[in-house]
Amino acid sequence: MNLKEKFVIAINRELGSGGRTVGEKLAAKLGVDFYDKALVKALEEKYHLTVEEIENLKGRKNNWWSDFSRVVSVGETMRHQYYSIAVGDEPKLVTTQQIFKVEKEMLLAMAENGSCVITGRSGFFVFRHHPNHINVLIQAPMEKRIQRLMKKQNMSAEEAEKTIRRIDKMRDNYVTKYTGESRYDTRNYDLVINMDSINEDDAAALIMQYIEDSQKQ
């Protein structure tokens, strides 16, 4: 990956692995924008975007995403409003091919606007043809995922494990249905990180090292 040209880093992560935090830290290190599923869904639901509407916006101006994000105040407030309920409501959200297409177009638009780090279930598939990208998978042992979810969502261990298994199944079905791929197929990634014995800062540093090494080749 070439940091001197527009790039995108797509991070797929397991619920409770800390992957979203890794993405935020990585974006901060690189000095680029960070986008996640919560933000995409919040925009989609708030403004009822369709594929056709996105295409129309893109046709009007090359920097349409920049203008759009400024007008609708894209940022932490909208993201956190959605993220606070994302875990509990997620199985109800993505149910149609049309919605998948909308989210795909929004992710591509974000990457077109400038270099960025994006976390989401199907980023490895959406950006597979991007000329300057890397795909990362972040995983963690079940016990560590349970502990993280208990802390973040104020759940019991039983509730956390039940939620993780439910969301895992839902995400697996989603990715398989709309991409024809498995999100656990390591061939879809340039880098796979197990969070068993490292923290989010360590993981971000690992990705940075991978990027630096790739530029030497």
_Please find the pair of heavy atoms, one from A27 and one from D33, that lie closest to each other, and give the distance._
CB-O, 4.1 Å
*asked:* The criterion is salt bridge (Lys or Arg N to Asp or Glu O under 4.0 Å); which residues satisfy it with R128, sequence neighbours excluded?
replied: none
*Between CE of M208 and CG of L30, what distance do you get to the nearest 0.5 Å?*
4.5 Å
*asked:* Quick check for you: to the nearest 0.5 Å, what is the distance between S115 atom OG and H133 atom NE2?
replied: 13.5 Å
_Nearest non-hydrogen partners of A111 and C116, listed with the distance_ = CA-SG, 3.8 Å
*In Å and rounded to the nearest 0.5 Å, what is the CG to CG distance from N132 to L3?*
8.0 Å
_Note, I138 side chain near E14 side chain (heavy atom, < 4.5 Å)_ = no
*Set of residues satisfying side-chain contact (heavy atoms from CB on, under 4.5 Å) with respect to A203, sequence neighbours excluded*: V22, I193, M195, I198
_Worked check of side chain to side chain contact (heavy atoms under 4.5 Å, CB included) between Q139 and R13_ = CA-CA 6 Å; Q139 300 177 293; R13 81 284 187 208; over 6 Å; no
*According to the salt bridge (charged side-chain N to carboxylate O under 4.0 Å, His left out) rule, which pairs have a member within residues 191-206, sequence neighbours left out?*
K25-D201, R148-E200
*Do R20 and E24 meet the salt-bridge criterion of a basic N to acidic O distance under 4.0 Å?*
yes
_Distance check, rounded to the nearest 0.5 Å: M150 atom CE versus S156 atom OG?_
7.0 Å
*Determine whether D190 and M1 make a side-chain contact, defined as any pair of heavy atoms from C-beta on separated by less than 4.5 Å.*
no
*Where is the tightest heavy-atom contact between V175 and S182, given as atom of each residue plus distance?*
CG1-C, 4.4 Å
_Does any part of the side chain of I118, heavy atoms only, come nearer than 4.5 Å to the side chain of F127, both counted from C-beta?_
yes
_Step-by-step side chain to side chain contact (heavy atoms under 4.5 Å, CB included) determination, F7 to V32_ = CA-CA 10 Å; F7 65 83; V32 300; 3.8 Å; yes
*From L108 atom CG to H129 atom NE2, the distance as rounded to the nearest 0.5 Å*: 10.5 Å
*Please step through side chain to side chain contact (heavy atoms under 4.5 Å, CB included) for the pair M142 and I164, ending with a clear verdict.*
CA-CA 9 Å; M142 178 60 77; I164 287 171; 3.8 Å; yes
*Under 4.5 Å between any side-chain heavy atoms of V192 and N194, yes or no?*
no
*Linking I/L/V/M/F/W/Y whenever any side-chain heavy atoms sit under 4.5 Å apart, do I11 and Y184 land together?*
no
*Check: L107 and Y35 side chains under 4.5 Å, non-hydrogen atoms*: no
*From E143 atom CD to I146 atom CD1, the distance as rounded to the nearest 0.5 Å*: 5.0 Å
*Do side-chain atoms of T163 reach the backbone of E159 as a donor and acceptor pair under 3.5 angstrom?*
yes
*Salt-bridge contact R145-D168 (side-chain N to carboxylate O under 4.0 Å)*: yes
*L137 versus F124: any side-chain heavy-atom pair under 4.5 Å?*
no
*Can you check whether E112's main-chain N or O pairs, donor with acceptor, with K6's side chain at less than 3.5 Å?*
yes
*Would you mind reporting whether I134 and L191 have side-chain heavy atoms less than 4.5 Å apart?*
no
*Check step by step if side chain to side chain contact (heavy atoms under 4.5 Å, CB included) holds for Y189 and N12.*
CA-CA 9 Å; Y189 304 96; N12 198 332; 3.0 Å; yes
